[in-house]
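So the structure is just underneath, and the comments pick up after that.
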Amino acid sequence: MSKSAAPARNPRRHLFANIFGTLILLFPAVSLVVPRGGNTAMFLTVALGAIVLFTGRERGEICSLVRANSHVRLLLISLLLPFFSILLVEILHGRIVANTLDSPLRFLLATFVFLGLRRIVDVMPKWTDLSFATGAIAAAFMALYSTADILAARAESSFLNPIHFGDIAVLLGTLSVVSIHWLSRDKAWTVAFKLLGAAAGCYASWASQSRGGWIVLPVLLVVWLMWRNQPLSGARRVAIGVVVAVLLAATFSSHVVRERFEMIRSDLINLSAGNPNTSTGIRVELWKVAGQLIGEHPLLGLGAHGFRDAMPAMAASGELTPLAADLGKGEVHNQILAYFVDYGLLGLLCILGVYLGPAIFFIRSAQLQHDRVKNRAALMGLMTAVAFAVFGLTVETFNLKVTVAFYATMLALFAAFAYPVGSSDDRPPVDKR
């Protein structure tokens, strides 16, 4: 008879769960407002996940999980592939640059969070789901401080520019409202707190003037409305529709929002008239040059920092203006192009994998698990993957360690809740007597 892979009844499980819950509760807030806070919280979470994973683990448990569940296998490959792909490409180029491995390493480390946390989700404290509202409210206070006290033109933190700050804030605001009645039936004050978190996230995004966040908001709300894996009553669908309408109206009725989108049209007019030195124009020119360089080096790319190092030559040849080339030393302003141009086809595969792999995992998990907690976790995980895929169309999201730490940790968190130990054929090898 085979033994279930249910976690061993270690008396420390509740202690581990409370520590995990505290870290998760604080993680979004410290990622946005505390310098090095997000990375520190992630490393603590990874360490705790490893301890939980290797405490009471049965022999063959992980191998059995990976062999029996194709969607788990896909998720783990998606998280492991960036580190090993980039390392391989850099070895083939004969130049390994340590700081280019920092971000891919965080995807790898997130596997410990997933594999460890999924063993104790059944005893996780219910207040863990206040994490998103807490983070969004912290972002709103930081936005208020940066714009009203230090008079920044756009809301940001001391280590996150307005684009990344606003993007993460709007995602947290959305997750805050989606998490209502997630881990338990929320009391009235908890619902109010989560709705306040949604409003706070939208305010921080508005104050950041980050258009990427505004674009992703209706996309996430459509994903929410179209989510079929959990039955919704007519009243609940109406309630979701009202929330969608309010959030969209509050965002797009703003003069600031309309003005920022009008700037895109103005920038494109200037670009067609021969002036590319605008926010949108520079992005378009950088994308064109990236496409050209990809065509010249499609297999292995240019290597570590290859696009950045190509900028002086591009400016000298006149293919980019000096301003565009100078900004191109910082980033390509597209995450997929950034990996493709520097790391070739393997880079393209791994960057698509970190979006599509988790998305497929969450959709499949929802098809296998039909209770509220697991399905809602799958929905929020899918939203996170979709959001970062959209963010990455106009800005590099993984060139900062804190943003990749945020994304990887959130994926691992939702994956653990969406597919915990005991979900399916999650069994160690058969013991025969």
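Numbers here are sequence positions counted from 1.
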Would a distance-only check, ignoring hydrogens and angles, find a side-chain to backbone donor-acceptor pair under 3.5 Å from [X] to [Y]?
{"X": "S85", "Y": "P82", "value": "no"}
{"X": "S365", "Y": "Y419", "value": "no"}
{"X": "N334", "Y": "I336", "value": "yes"}
{"X": "S205", "Y": "C202", "value": "no"}
{"X": "T128", "Y": "P125", "value": "yes"}
{"X": "S157", "Y": "L160", "value": "yes"}
{"X": "W287", "Y": "H333", "value": "yes"}

(request) Kindly give the heavy-atom pair with the smallest separation between G38 and V402, and that separation in Å. (result)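 Smallest interatomic distance, heavy atoms only, reads CA-CG2, 4.4 Å.
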(message) Using every non-hydrogen atom in the two residues, find where Y355 and T397 come nearest and quote the distance to one decimal.
(response)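 Between these two residues, the closest heavy atoms are OH-OG1, 4.0 Å.
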(message) In terms of relative ring orientation, are F112 and F54 parallel, tilted or perpendicular, with 30° and 60° separating the classes?
(response)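 Aromatic pair F112/F54 classed tilted.
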(request) Over 60° means perpendicular and under 30° means parallel, so classify the ring planes of F388 and F398, tilted if in between. (result)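 F398 vs F388 ring planes: parallel.
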Is there a side-chain contact between [X] and [Y] (heavy atoms, below 4.5 Å)?
{"X": "K288", "Y": "L320", "result": "no"}
{"X": "V216", "Y": "D167", "result": "no"}
{"X": "L293", "Y": "M314", "result": "yes"}
{"X": "P420", "Y": "K374", "result": "yes"}
{"X": "L393", "Y": "I215", "result": "no"}
{"X": "W214", "Y": "V170", "result": "no"}
{"X": "L400", "Y": "F159", "result": "no"}
{"X": "F16", "Y": "L117", "result": "no"}

Measure the [atom1]-[atom2] distance between [X] and [Y] for me, rounded to the nearest 0.5 Å.
{"X": "K126", "Y": "R185", "atom1": "NZ", "atom2": "CZ", "answer": "14.5 Å"}
{"X": "N399", "Y": "R308", "atom1": "CG", "atom2": "CZ", "answer": "12.0 Å"}
{"X": "N375", "Y": "M380", "atom1": "CG", "atom2": "CE", "answer": "11.0 Å"}
{"X": "R283", "Y": "E331", "atom1": "CZ", "atom2": "CD", "answer": "7.5 Å"}
{"X": "F20", "Y": "L25", "atom1": "CZ", "atom2": "CG", "answer": "14.0 Å"}
{"X": "L81", "Y": "L352", "atom1": "CG", "atom2": "CG", "answer": "10.5 Å"}

(request) For S176 and L172, run side chain to side chain contact (heavy atoms under 4.5 Å, CB included): C-alpha distance rounded to whole Å, both residues' side-chain angles, the deciding distance at 0.1 Å, then the answer. (result) CA-CA 6 Å; S176 179; L172 287 174; over 6 Å; no
Check whether the side chains of [X] and [Y] place a donor and an acceptor atom closer than 3.5 Å, and report yes or no.
{"X": "H93", "Y": "D342", "result": "no"}
{"X": "N39", "Y": "R106", "result": "yes"}
{"X": "S279", "Y": "D267", "result": "no"}

(request) Salt-bridge test for R372 and D129: reply yes if a basic N is under 4.0 Å from a carboxylate O, no otherwise. (result)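 D129 and R372: not salt-bridged.
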(request) Answer yes if the ring centres of F132 and F414 are under 6.0 angstrom apart, and no otherwise. (result)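 Yes, the ring of F132 comes within the 6.0 Å limit of the ring of F414, centre to centre.
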